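Have a look at the structure below, then the notes.
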Amino acid sequence: MTGQNDRWAELTGGQTGEKYAQRFAQLAESGYDVHGEAAFCAALLKPAARVLDAGCGTGRISSRLAELGHRCTGVDIDSSMLAVARRDAPTQEWVLGDLARLSTLGLEPGFDLALAAGNVIPLLAPGTESAVVRQLAAMLRPGGLLVTGMGLDAAHLPLPEPPVTLAEFDDWCAQAGLTLRQRYATWGGDPYHQGGGYAVSVHCLSAM
Ligand SMILES: C[S@@+](CC[C@H](N)C(=O)[O-])C[C@H]1O[C@@H](n2cnc3c(N)ncnc32)[C@H](O)[C@@H]1O
């Protein structure tokens with residue numbers, strides 16, 4: 001299963017799960033810290049929090065968060081990626097589905113945190129981004145967090161041009177009731193400066 005016109009499917013042909021997992025396994029073997037995203041999210045969470053990993057891919061982040069005691073649900077449209085997640089963490093919840101139809105996937109709302117890491121937002125099908133942000137917000141409890149990491153230039157994206165600007169993204173968030181709480185340049189918490197090539201953003205759903 002791949003998304004219609006989704007940029008990730010165009011790039012990979014929907015067959016890249018094993019290769020993707022091998023790349024991260026090699027990085028881990030070489031001593032690179034592959035758990036930066038999970039550590040960043042864990043620092044924002046209370047124990048046993050509910051996490052929605054949107055565009056979870058091979059589940060590398062959810063699996064780590066689950067090891068840390070959180071209750072994670074991963075959603076991805078690429079069955080080759082999800083096959084790796086299911087093989088490596090068979091007891092976790094993995095849902096094959098399109099984030100543009102998140103509200104139809106039968107997930108229980110009330111998540112403490114929704115994560116879209118690894119350029120998920122820029123890799124969505126063109127024109128679906130605002131609907132995805134709206135549906136992610138709808139999955140959060142009041143006060144819940146949307147955490148995203150996205151490239152803003154070609155050096156930080158697997159695409160020739162950045163399809164999404166931070167201003168557009170912040171607008172979609174605002175329309176969905178999400179307020180920007182923190183923004184960094186890296187998952188390690190380096191400060192973000194205007195014009196930077198990568199942004200890690202934490203938006204918060206207004207309490208009703
Ligand atoms: C670069 S991978 C990142 C995977 C994972 N978040 C990580 O950081 O390792 C981007 C993922 O977004 C997923 N994706 C893109 N568009 C999607 C959509 N409309 N619905 C669900 N997943 C989507 C792709 O299938 C892919 O697994």
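Every number for a ligand or one of its atoms is a count from 1 in the order of the listing. For clarity, every value in this text was computed on a predicted model and none was experimentally measured. Note that the numbering runs from 1 along the sequence shown for the chain.
Residue Met81 has at least one heavy-atom neighbour below 4.0 Å for each of these atoms of ligand 1: 27 (O). In summary, the atoms of ligand 1 found under 4.0 Å from a heavy atom of Leu99, numbered by their order in the structure, are 18 (C), 19 (N), 20 (N), 21 (C). Atoms of ligand 1 lying under 4.0 Å from any heavy atom of Val120, numbered from 1 in the order shown and given with element: 12 (O). Residue-ligand proximity, Gly97 to ligand 1, at heavy-atom distances under 4.0 Å covers atoms 20 (N), 21 (C). Residue Asp98 has at least one heavy-atom neighbour below 4.0 Å for each of these atoms of ligand 1: 18 (C), 19 (N), 20 (N). Residue contact check: Asp78 has heavy atoms under 4.0 Å from atoms 25 (O) of ligand 1. Remark: ligand 1 atoms within the under-4.0 Å shell around heavy atoms of Leu124 are 16 (N), 17 (C), 18 (C), 19 (N). Applying the 4.0 Å criterion to heavy atoms of Gly57 picks out, from ligand 1, the atoms 4 (C), 27 (O).
Contact annotation for Tyr20 and ligand 1: only side-chain heavy atoms (C-beta onward) come within less than 4.0 Å of the ligand. At a heavy-atom distance under 4.0 Å, only backbone atoms of Cys56 (N, CA, C or O) approach ligand 1. With a heavy-atom cut-off of 4.0 Å, Ile61 touches ligand 1 through its side chain alone.
Not one N or O on the side chain of Ser63 forms a donor-acceptor pair closer than 3.5 Å with the backbone of Arg60. In this structure a side-chain-to-backbone donor-acceptor pair under 3.5 Å is present from Gln135 to Ala100.
Legend: residues meeting side chain to side chain contact (heavy atoms under 4.5 Å, CB included) with Gln182, ordered by chain and number and at least two apart, are Leu44, Tyr184, Val202. A search for side chain to side chain contact (heavy atoms under 4.5 Å, CB included) contacts involving Thr91 returns nothing, not counting sequence neighbours.
The heavy atom nearest to atom 4 (C) of ligand 1, out of those in Gly118, Ala9, Gly55, Gly59, is found in Gly55. Here the shortest heavy-atom distance to atom 11 (C) of ligand 1, taken over Thr128, Asp6, Leu105, Asp76, belongs to Asp76. Distances from atom 23 (C) of ligand 1 to the heavy atoms of Val95, Ile77, Leu82 put Ile77 nearest.
Residue Phe24 places its CZ atom among more than 12 non-hydrogen atoms of other residues, nucleotides or ligands, all under 6.0 Å distant.
Rounding to the nearest 0.5 Å gives a distance of 12.0 Å between CZ of Arg181 and NE2 of His203. Once rounded to the nearest 0.5 Å, the distance linking NE2 of His156 with OH of Tyr198 reads 8.5 Å. The distance from atom CG of Leu136 to atom CZ of Phe111, rounded to the nearest 0.5 Å, is 10.5 Å. The structure places CD1 of Ile77 at 9.0 Å from CG of Leu124, a figure rounded to the nearest 0.5 Å.
Between Ala54 and ligand 1, not a single N/O pair is under 3.5 Å apart.
No salt bridge links Arg50 with Glu93; every basic N to acidic carboxylate O contact stays at or beyond 4.0 Å.
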